[in-house]
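To start, the structure under review is shown below, and the notes come after it.
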Amino acid sequence: MSMPSKEKRPFVILYGSQKGQAQSIAEGIAEEAEQHGLVANLSCLDQNEEYNLEKERAPVVFIVSTTGDGEPPDNTLQFVKRIKRKTLSPDHYKHLCYALLALGDTNYVNFCNCGKTIERRLKELGATQFYPTGYADDGVGLEVVVDPWLEGLWKAIKEASSKMASDSTARLKENADDSAKVIPDSPVPDVQLRLLSITDPQNCDSVETTVNKDSKHATLAPSSPPASSNLRPGSTVGSTGLASQSLSTASVSAPETRIGDDGVPRVALAACLTCSLPPLSESSLNVPALPPPYLDVTFQDVDTPEQNVGPLNKETLHEVLISKAVQLSRGDSVKTALLLELDILTSPTLTYQPGDSFDVFCPNRAAEVDSVLCRLGLQEQRDHHVHVALRKDTKKKGAQVPSHIPHNSSLLFLLTRCLEIRSVPKKVFLRALVEYTADGAQKRRLQELCSKQGAADYNLYVRDPSLTILELLTAFPSCTPPLSLLIEHLPKLQPRPYSAASSCLRHPGKLHFVFNVVEFPACSGRPSGKRGLCTGWLFDLINPHLVFPDKAESSNSLPLPKIHVSLRPSCSFRPPSDLSVPFIMVGPGTGVAPFIGFLQQREAERKKNTEAVCGETWLFFGCRHRDGDYLFREELEGFVSSGTLSHLKVCFSRDVRGDEEAVGSAAAPRYVQHNLLRWSQQVTDVLLRQNGYLYVCGDAKNMAKDVNDTLVEMIKAELQVDQLEAMKKLAGLREEKRYVQDVWG
Ligand code: FAD
């Protein structure tokens with residue numbers, strides 16, 4: 001039965017999100033639905049009581065990200081498991097019409113794997129695609145694909161919805177034998193083509209032409225002169241975004257002069273975080289819709305300030321003592337690599353295996369929390385209890401108080417332990433900040449940074465340098481948002497995972513881990529460099545107690561501090577349990593950490609079982625300089641002497657000469673993949689003929705991809721097959737969990 005034309009048509013949005021990106025895109029779609037005459041039912045994929053795909057007769061839009069080694073986000077695991085059940089018949093989802101947006105990062109090997117898995121299964125189960133899938137790449141900026149995909153989505157939903165309502169779903173499927181034909185006059189052929197060529201730099205521009213009245217963006221011309229606010233006095237700023245404005249374009253030529261509200265002229269000779277140059281400064285802007293506010297915050301003065309002790313209660317949380325802190329890198333190394341030893345004897349349930357990692361819960365830096373309080377004018381309220389509730393009149397669809405906001409904790413606790421105040425503000429957050437910015441030039445620049453036209457500037461000045469809200473507020477002094485806006489837009493403070501770098505067979509009651517202190521250089525908007533949140537915090541904690549390479553003991557006799565950790569067991573990053581199975585480890589830099597655990601474990605097992613026949617072990621390690629960054633050198637050479645490690649292949653990317661074996665050779669291997677190639681025959685033999693394993697671990701995203709590409713080349717050459725066959729072979733090894741990655745960065 002067809003619906004009355006004025007009735008808003010429903011559709012379903014389901015998201016699977018690890019860090020909140022997919023969720024925020026899904027929420028954005030839900031918010032915009034109404035203005036397109038649609039009603040969105042939004043759910044997270046793990047809230048399966050809120051949706052029923054088995055009976056769904058409205059279009060379904062999936063927004064899913066991928067995490068780790070191509071894994072589904074935590075809140076999507078069960079859904080993927082359910083749809084993968086072999087007992088489901090091929091027409092299980094015959095009635096279902098879907099569109100899917102997959103988020104991923106091409107720096108990792110299994111790009112958009114979760115989205116691809118869901119899509120494959122939906123198709124296998126008979127579902128019909130009503131709009132081409134978007135594969136958005138965080139490596140180049142999600143928006144390159146997400147924005148045009150969203151623009152075409154509305155028309156596609158409406159058409160799919162009409163078809164589903166007027167025809168029977170069965171007829172819809174009968175008439176189409178492939179997804180491209182489902183909607184004969186496919187609503188977005190342009191977008192489809194562009195999605196296939198996202199690397200084409202012109203693509204971004206051409207997408208502009210698809211902006212139409214359905215666009216989620218409002219058009220905004222530059223102010224003239226730019227000194228004044230570019231929102232006309234009295235212009236309406238509603239939940240649908242800025243009112244479309246058509247102010248005359250100022251003809252400004254570089255160097256551009258802007259007059260701030262303080263009357264001081266500012267000359268921009270070069271673009272920076274706070275200043276743009278033509279053409280951007282003269283351009284009309286498409287800015288995102290204003291996200292509707294949805295939280296109310298009230299304070300309550302309390303008699304006894306709460307102790308800001310540790311992270312929120314988590315059943316699996318352990319407070320453990322740091323028993324040793326050693327600097328592994330030497331003086332002049334660019335990176336500072338540290339090893340921490342945790343005393344886990346007091347936590348008998350904290351049992352780990354080599355290959356596991358564990359989360360470290362770190363607080364935000366006190367000085368940064370103070371600065372945020374100061375910028376919000378809330379120093380006096382730091383110990384007050386914060387009560388966060390939903391705004392009664394909110395227009396946000398499916399609004400909820402975020403689950404990481406505790407009831408009645410102090411403001412200090414909220415900012416120190418719950419909110420990731422270091423996160424990079426998304427464009428929609430910048431858009432919301434515009435509303436709280438008094439100075440016209442600053443307002444315009446914030447609009448530029450969140451606009452389509454300013455996408456490159458956003459990447460250059462905000463995303464790539466990982467600028468934080470505090471740094472933005474410092475650069476835009478007339479911006480004074482309320483606390484509620486920060487709570488609405490800042491994600492949950494995440495613990496940082498680290499790989500276990502020890503075996504408890506070798507170090508009973510101890511857990512080691514290794515990390516580089518992350519350094520963020522100064523940039524536009526950040527006058528001086530700073531350290532990573534967790535690694536900087538750990539560094540400050542243990543600095544007075546550090547043991548240096550050439551010194552036996554720390555001179556400091558004070559007890560070391562305690563930290564909060566919880567275990568993250570790994571399913572597949574484990575050395576083979578059978579000692580006779582050979583394996584290869586690729587771990588440059590701190591990526592060697594889990595392999596120290598593997599080798600300690602193996603050494604202990606070999607000692608226990610002297611008769612055992614042991615398979616070969618290979619370790620490919622790489623770093624910049626032999627003298628500065630060769631982590632665990634003595635221990636690794638010890639493993640070679642004892643026969644635990646059969647082959648240690650090391651390369652130094654910045655030393656003039658390569659490894660020992662390459663001295664005098666022009667082609668000294670520079671990176672681990674070059675060394676792999678050099679030992680191609682032996683490596684492929686282990687993998688393809690001896691049923692061996694290959695593990696890759698490291699902090700360089702590109703490394704994992706380079707290693708993967710090299711493996712494809714090696715298999716091609718070894719088996720004399722083409723690229724596709726070699727890729728399939730490698731995919732097979734991955735399926736069998738004989739090729740496993742643990743990569744971060
Ligand atoms: P943040 O303040 O969170 O800043 C991190 C940002 O800095 C990132 O967005 C990135 O853009 C940038 N960055 C620059 N260099 C690095 C780098 N080397 N690592 C991460 N981000 C970098 N790290 C280790 O040092 N040793 C380990 O054994 C280890 N094991 C891990 C295991 C897993 C499963 C995962 C997911 C991550 C692991 N990491 C490891 C990374 C670690 O969790 C942190 O991301 C890292 O220490 C930076 O944290 P931070 O709070 O200091 O930096």
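In what follows, every heavy atom counts, from backbone to side chain, and hydrogens, waters and symmetry copies are set aside. Ligands are counted one by one from 1 in listed order, and the atoms in each one are counted from 1 as well.
For atom 4 (O) of ligand 1, the nearest protein heavy atom lies closer than 4.0 Å. Put simply, atom 8 (C) of ligand 1 has no protein non-hydrogen atoms near it, under 4.0 Å away.
Between the side chains of Y352 and S502, at least one donor N or O sits under 3.5 Å from an acceptor N or O. T644 and E603 form a side-chain donor-acceptor contact under 3.5 Å, judged by distance and modelled atom types alone.
No more than 12 heavy atoms of other residues, nucleotides or ligands shown are found within 6.0 angstrom of NZ on K324. A 6.0 Å sphere centred on NZ of K492 holds no more than 12 heavy atoms belonging to other residues, nucleotides or ligands.
At least one heavy atom of Y498 sits under 4.0 Å from some atom of ligand 1.
The aromatic ring centroids of F652 and Y630 lie less than 6.0 Å from each other. Residues F429 and H489 bring their aromatic ring centres within 6.0 Å. The ring of Y695 has its center no closer than 6.0 angstrom to the ring center of F620. Taking the ring centroids of F513 and Y498, they lie under the 6.0 Å cut-off.
Between R496 and ligand 1, at least one pair of N/O atoms sits closer than 3.5 Å. When only interatomic distances are considered, the shortest N/O to N/O separation between L533 and ligand 1 falls below 3.5 Å. In terms of polar-atom proximity, defined here as any N/O pair under 3.5 Å, V518 makes no such contact with ligand 1. Distances between N or O atoms of W744 and those of ligand 1 include at least one value under 3.5 Å.
Nearest protein neighbour of atom 43 (O) of ligand 1, counting heavy atoms only, is P497 O, 2.6 Å. Atom 34 (C) of ligand 1 has its closest protein heavy atom at D742 OD1, 3.5 Å. Residue, atom and distance of the protein heavy atom nearest to atom 6 (C) of ligand 1 are F520 CZ, 3.6 Å. Nearest protein heavy-atom neighbour of atom 18 (N) of ligand 1: D699 OD2, 3.2 Å. G745 C, 4.4 Å is the protein heavy atom nearest to atom 10 (C) of ligand 1. For atom 11 (O) of ligand 1, the closest heavy atom belonging to the protein is S466 OG, 4.4 Å.
Salt-bridge annotation for D356 and R574: present, with a side-chain N of the basic residue lying under 4.0 Å from a carboxylate O of the acidic one. With respect to E420 and R496, a salt bridge is recorded, a charged nitrogen being found less than 4.0 Å from a carboxylate O.
Numbered from 1 in the order shown, with element, the atoms of ligand 1 that lie under 4.0 Å from a heavy atom of T535 read 47 (O), 50 (P), 52 (O). The distance from ligand 1 to the heavy atoms of S499 drops below 4.0 Å at these ligand atoms: 27 (C), 28 (O), 29 (C), 30 (N), 31 (C), 32 (C). Atoms of ligand 1 lying under 4.0 Å from at least one heavy atom of N516, given by number and element, are 25 (O).
If you look at V514 next to ligand 1, the close heavy atoms, those under 4.0 Å, all belong to the backbone.
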